[in-house]
Amino acid sequence: MLLGKKRKLGREIKEMSVGEKLALTEKVEDKDILLYLGLTDDANPLFIQHDYATQTPYKKPIVPSIMLTGMITSAISKYLPGPGSHVLSQDIQFPKPVYHYATVQLLLEVVEVNHDDHTVMMTVVGTNEKDEVVINGNLKVCPPHRLGGMDANVLDNF
């Protein structure tokens, strides 16, 4: 239990500004895809069966779009705004497929900070090794809320 322990939280909304960016690189490995498929019980042959995928316009297995979305939400949860933040809405397009073993460069940028409703709007662009856009989208994110002090009311939910 974390009661009374310091928690590492991301940045408060008052610390955020338009134009902030986060760039990171994610490599897609077989283990990641197999773990995702196992956790979700997703048996889509387009994601793992080479014999099927070669007969499609993609020519080889692709990475599930929701797995790529997970990389984006993970970057938000870990780095910008960071721990304690929450994605409220998202509009993400995947104009080109991402293939197994691909390296995806993600660029997230804060484009609006709204103190009234405690949200930030962010854009995301993902490119592959050929510098082609494979992800393009907008996200509405709630940065972490600062916690109050410890008092008797904290234990009301236990």
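Quick caveat: nothing in here was measured; it's all calculated off a predicted structure.
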Would you confirm whether [X], through its side chain, and [Y], through its main-chain N or O, come within 3.5 Å as a donor-acceptor pair?
X    : Y    : value
H145 : G84  : no
Y99  : Y58  : yes
S85  : I76  : yes
E129 : T103 : yes
K27  : Y101 : yes
E20  : S17  : yes

Between CG on residue L22 and CG on residue L106, distance to nearest 0.5 Å: 8.5 Å

If you round to the nearest 0.5 Å, how far is CD of E29 from CG of L35? 13.0 Å

Side chain to side chain, [X] and [Y], heavy atoms closer than 4.5 Å:
X    : Y    : value
M67  : V98  : no
E12  : P143 : no
K59  : T54  : no
L24  : L108 : yes
I62  : L46  : yes
P83  : P144 : no
K140 : N138 : no
Y36  : V63  : no

Single-linkage hydrophobic cluster, 4.5 Å side-chain cutoff, Y79 and M16 together: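 Yes, it is one cluster - the side chains of Y79 and M16 are joined through contacts under 4.5 Å.
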
Correct closest heavy-atom pair for P61 and F47 would be CB-O, 3.7 Å

Would you sort out whether V28 and M71 count as a side-chain contact (heavy atoms from CB on, under 4.5 Å), showing the intermediate values? CA-CA 10 Å; V28 181; M71 292 177 183; 3.6 Å; yes

